[in-house]
Amino acid sequence: MNKAKLLKMKDLTADDEMIQIAKQEKKQKENPAYWYSPERYRYGKFLKACVTDGILKVAVFLTEYMRFGGIEPIYNIYIDKEKEDFITYDFMYRKWSNAKLDRLAWPEHAKSREVFCKEETRKCIQEYLDTDTDPYEAVLDYQMDIREKRLNEKHRKLTDKWKKRMEQIPSLPKDWERWLYKVGITEHFIFYEYERKGAKQGYCTWCEKMVPIVEPRHNKKGKCRCCGHKIQFKAVGKASEVWSKEETAYLIQRCQEGFVVREFRACMRYPKNYYTKPMRYSYEQRRIIYDRELNGTEYYYGNYKRRGNIWIEGHLKAKGFFYYEGDEPYYAGKIYGKTIPCLAKQELRYTGLWEFMKNSEFISPKHYFAAVKEMPYLEKIIKAGLFQLAKELINGSEHLEFKDKKELGKSLGVDRFRLRRLREKKGGILYLEWLQQEKVKGRVIDDFVIRWLEERHIKPKDLLFISDRMSEQQVKNYLERQMKQIDMDAKELLSLWKDYLTMAKRVHMNVNDPIVYRAKELKKRHDEMVQKVKDKNLVLRAGDIAESFPKVDAICGELKEKYEYEGKDYRIIAPKGIEDILNEGSALHHCVDKNDNYFERINTRESYILFLRRAEKPDRAYYTLEVEPDGTVRQKRTEFNRQHSDLKQAERFLCKWQKQLQKKLTKIDFELATHSKKLRKKELDEMRDKKIKINGGDYAGRLLADVLEEDVLEMQDREELAA
């Protein structure tokens, strides 16, 4: 609407009759029975209207203002019925507004139930809007209708597009219902009547008839002697109504753009005493339309903007108890097989799905096609019969280095002989890694040795520290002997073994001597070596470290100016060099002086070692801190790698220290910190993959990665501690 033209329309001001009625108005409580009831006028608002050049102008006056002589309206509402538009002019702020009547800023006294208008105004508004509703309500209803219409038009641009794409979806196969409840649902039962001598027959829900049974027991699992399907026995007297678990089933069909994956959820309910007539429940909740390049668009069935159920483009949200908990996951399920052979000749030709279905009972098509799109070589792996390898790649549990060669074996880094072994032994990625190691070493590792290592998640790189002195067979035998002596799994023993040899080398023992590297009592020799390293002359130890990590002393010397800080109760002190760090570790009996990883991190500026002291005892070791360049605290440990309750108070001081430190940091410090954070995350992920656990102390049995992650004090932690 032309705003300048609207402002030139006839002015509507309050007349004497309106002012007189307004002056007679008195505020009264809406509900006198309640003391907190608001006080309002009977007529909180007055209306006056006129029509000029096809535009309705409605002036709204406030009783409160007219009582004190005000004749101008607070709002002028303009309605153009032909263009289906409205706009409001606010006299108080001298500006235009697109808000409806109910969204305008009304004072409390104006919110009365009744609105006063003369008969001529009533007639003017009702005739223009073609209604017999109260004038004020008529204006509001008209505005709401316009808004609703515009909103529907806005949504229709999207919904019409979605509906058009859904038109290409074929109808369900004729036998879909039967397949869904017979094959798609995998949980079936045999209901039997209890007999003292043992029931001889029961009703199989898959066979849908009475079948012979032997020694049934309520909730016992077994197989139907007729159809061979897995079942669970249910005694009719003990079972009330029985529900099968809700399962996922998929239907893949050809469509104009390519193909569509349709996801269904289904279950069965067997009422008490009516188990031969089950209630069937199923619904389609998601669709993914794929083009021929495997680019998928997801849709879910739901109520769009509270305007009815339709197929909506987007991700289905998982429902929690009170809220949505992220995207609903895709579960593996049965895939309807009759549509696949035809699709496998065209749309699914290079996906290997048809071959994979023959060797995998449950599949998630969403994850499968995402894996094929990311790893096109997956088709070759599947068609070569390497199904276990394919499953691990689809699940994303492992990464595969695939070279683009003509022969699949060469692409996988093995020869034909080893490729055949991989297929015959149904090996996965770890089995493949051992075959690759075989080829590099130029010797054969027995299959039972590889399988033993694979079952314990031991990779070739895990044996690098000893592979130059012992074969895989010898490593297996050695670990098995040690496992009989020590309550540790093979993975933990490897870590202990590696740590032992590292310390033995540090004290200049001949680690190539079988008596040393193949210690009979590994745990005992390890503990002895810890004591040796501890007792070794600090000067010599510091010299060894300085030789291996030449930058550590210089970096420690730079820390004082930037990282030292003193408070009322605590101080943070920087070490002067390697010897200070060794003394700290010796005093608190933890691993900072024994593990070269800390010095390596200092040498590369990944992290630094600082000392937390009590202000009144600055020379006495209290807590050792491992700190990243931006002040993020990785670890806070006192005697024997422990933490005590007094640390909570000290953490408040650490937060203050972190805050003041930010002002001293340079751009280089922040870049180092970003890199450090990535390395920390990578290290923790590797620990989780290896499932490294703590053997003793306060955290015995817990994953080391979880304990280390809980110890990290980052910037976001400060506000919580300061609260």
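Below, all heavy atoms of this structure are taken into account, side chains as well, without hydrogens, waters or symmetry copies.
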Worksheet item: Are Arg265 and Glu246 close enough for a salt bridge, meaning some N to O gap below 4.0 Å?
Response: yes
Worksheet item: Does Gln285 use its side chain to pair, donor to acceptor, with the backbone of Glu263 at less than 3.5 Å?
Response: no
Item to complete: Report yes or no: do Asn295 and Lys373 form a side-chain donor-acceptor pair below 3.5 Å?
Response: yes
Practice prompt. Please confirm whether the backbone N or O of His218 pairs with a side-chain atom of Tyr192, one donor and one acceptor, at under 3.5 Å?
Written response: yes
Item to complete: Before accepting this row, confirm whether a basic side-chain N of the pair Glu714/Arg680 lies closer than 4.0 Å to the acidic partner's carboxylate O.
Response: yes
Discussion item. Using side-chain heavy atoms (C-beta onward) and a distance below 4.5 Å, is Glu379 in contact with Arg349?
Written reply: no
Worksheet entry | Member of Ile445, Ile450, Asp446 meeting the side-chain contact (heavy atoms from CB on, under 4.5 Å) criterion with Glu472 | Ile445
Fill in: Phe402: partners by ring pair (Phe, Tyr, Trp, His ring centres under 6.0 Å), with sequence neighbours left out
Tyr377
Item to complete: Take the angle between the ring planes of Phe356 and Phe387 and call it parallel below 30°, perpendicular above 60°, tilted in between.
Response: tilted
Worksheet entry | Lys439 and Gln436, any side-chain heavy atoms less than 4.5 Å apart | no
Worksheet item: Ring centres of Phe369 and Phe259 under 6.0 Å apart?
Response: yes
Discussion item. Can you tell whether the side chains of Asp130 and Lys81 come within less than 4.0 Å, N to carboxylate O?
Written reply: no
Worksheet item: For the residue pair Tyr203 and Tyr275, does the interplanar ring angle fall in the parallel (under 30°), tilted (30 to 60°) or perpendicular (over 60°) class?
Response: tilted
Discussion item. For Arg307, is the CZ atom crowded, meaning more than 12 foreign heavy atoms sit under 6.0 Å from it?
Written reply: yes
Worksheet item: Backbone N or O of Ile231 within a donor-acceptor pair of the His188 side chain at under 3.5 Å?
Response: no
Worksheet item: Is there a donor-acceptor contact under 3.5 Å from the side chain of His229 to the main chain of Cys226?
Response: no
Item to complete: Salt-bridge test for Glu153 and Arg156: reply yes if a basic N is under 4.0 Å from a carboxylate O, no otherwise.
Response: no
Worksheet item: Tell me, do Trp206 and Glu208 make a side-chain contact under 4.5 Å, heavy atoms counted?
Response: no
Item to complete: Inspect the surroundings of CD in Glu401 and state if more than 12 heavy atoms from other residues, nucleotides or ligands are less than 6.0 Å away.
Response: no
Worksheet item: Under 4.0 Å between a Lys/Arg side-chain N and an Asp/Glu carboxylate O for Lys682 and Asp685?
Response: no
Discussion item. Is it the case that the side chain of Thr339 and the backbone of Gln253 share a donor-acceptor pair, with hydrogens and angles ignored and the cut-off at 3.5 Å?
Written reply: no
Discussion item. Can you confirm whether or not the ring centre of Phe189 sits under 6.0 Å from the ring centre of Trp243?
Written reply: no
Worksheet item: Cation over ring, Arg147 on Phe86, under 6.0 Å and within 45°?
Response: no
Worksheet item: Is a side-chain N or O of Gln388 found less than 3.5 angstrom from the main chain of Ile429, in a donor-acceptor match?
Response: no
Worksheet item: Does NZ or CZ of Lys221 come closer than 6.0 Å to the centre of the six-membered ring of Phe233, within 45° of the ring's axis?
Response: no
Discussion item. Donor-acceptor check, side chain of Glu241 to backbone of Lys272, threshold 3.5 angstrom: yes or no?
Written reply: no
Worksheet item: Is it true that Glu438 and Arg421 have a side-chain N and a carboxylate O under 4.0 angstrom from each other?
Response: yes
Worksheet item: Do Arg688 and Asp706 meet the salt-bridge criterion of a basic N to acidic O distance under 4.0 Å?
Response: yes
Worksheet item: Are any side-chain N or O atoms of Arg165 and backbone N or O atoms of Asp160, one a donor and one an acceptor, separated by less than 3.5 Å?
Response: no
Item to complete: Just jot down the ring pair (Phe, Tyr, Trp, His ring centres under 6.0 Å) partners of Tyr301, sequence neighbours excluded, or say none.
Response: Trp311
Discussion item. Just so I know, are the side chains of Phe362 and Lys334 near enough to count as touching, which here means a heavy-atom distance under 4.5 Å?
Written reply: yes
Worksheet item: Are the side chains of Thr205 and Ile190 in touch, meaning some heavy atoms are under 4.5 Å apart?
Response: no
Practice prompt. In plain terms, say whether Arg287 and Glu284 are close enough for a salt bridge, that is, a side-chain N and a carboxylate O under 4.0 Å apart.
Written response: yes
Fill in: Whether Lys245 side chain and Cys267 backbone form a donor-acceptor pair below 3.5 Å
no
Item to complete: Take Asp327 and Tyr300 through the test side-chain hydrogen bond (donor to acceptor under 3.5 Å, both in side chains) and record every step on the way to the result.
Response: CA-CA 11 Å; Asp327 292 343; Tyr300 67 92; over 6 Å; no
Worksheet item: Is any NZ, NE, NH1 or NH2 atom of the basic residue among Arg150 and Asp85 found under 4.0 Å from an Asp or Glu carboxylate oxygen of the other?
Response: yes
Discussion item. One thing to verify: whether Arg456 and Asp489 come together as a salt bridge, which I'm taking to mean a side-chain N less than 4.0 angstrom from a carboxylate O.
Written reply: no
Fill in: Test item: Asp80 side-chain N/O and Glu84 main-chain N/O as donor-acceptor pair under 3.5 Å
no
Fill in: Partner residues of Phe264 under the ring pair (Phe, Tyr, Trp, His ring centres under 6.0 Å) criterion, sequence neighbours left out
Trp176
Worksheet item: Would Lys693 and Glu492 pass as an ion pair if we require N to O under 4.0 Å?
Response: no
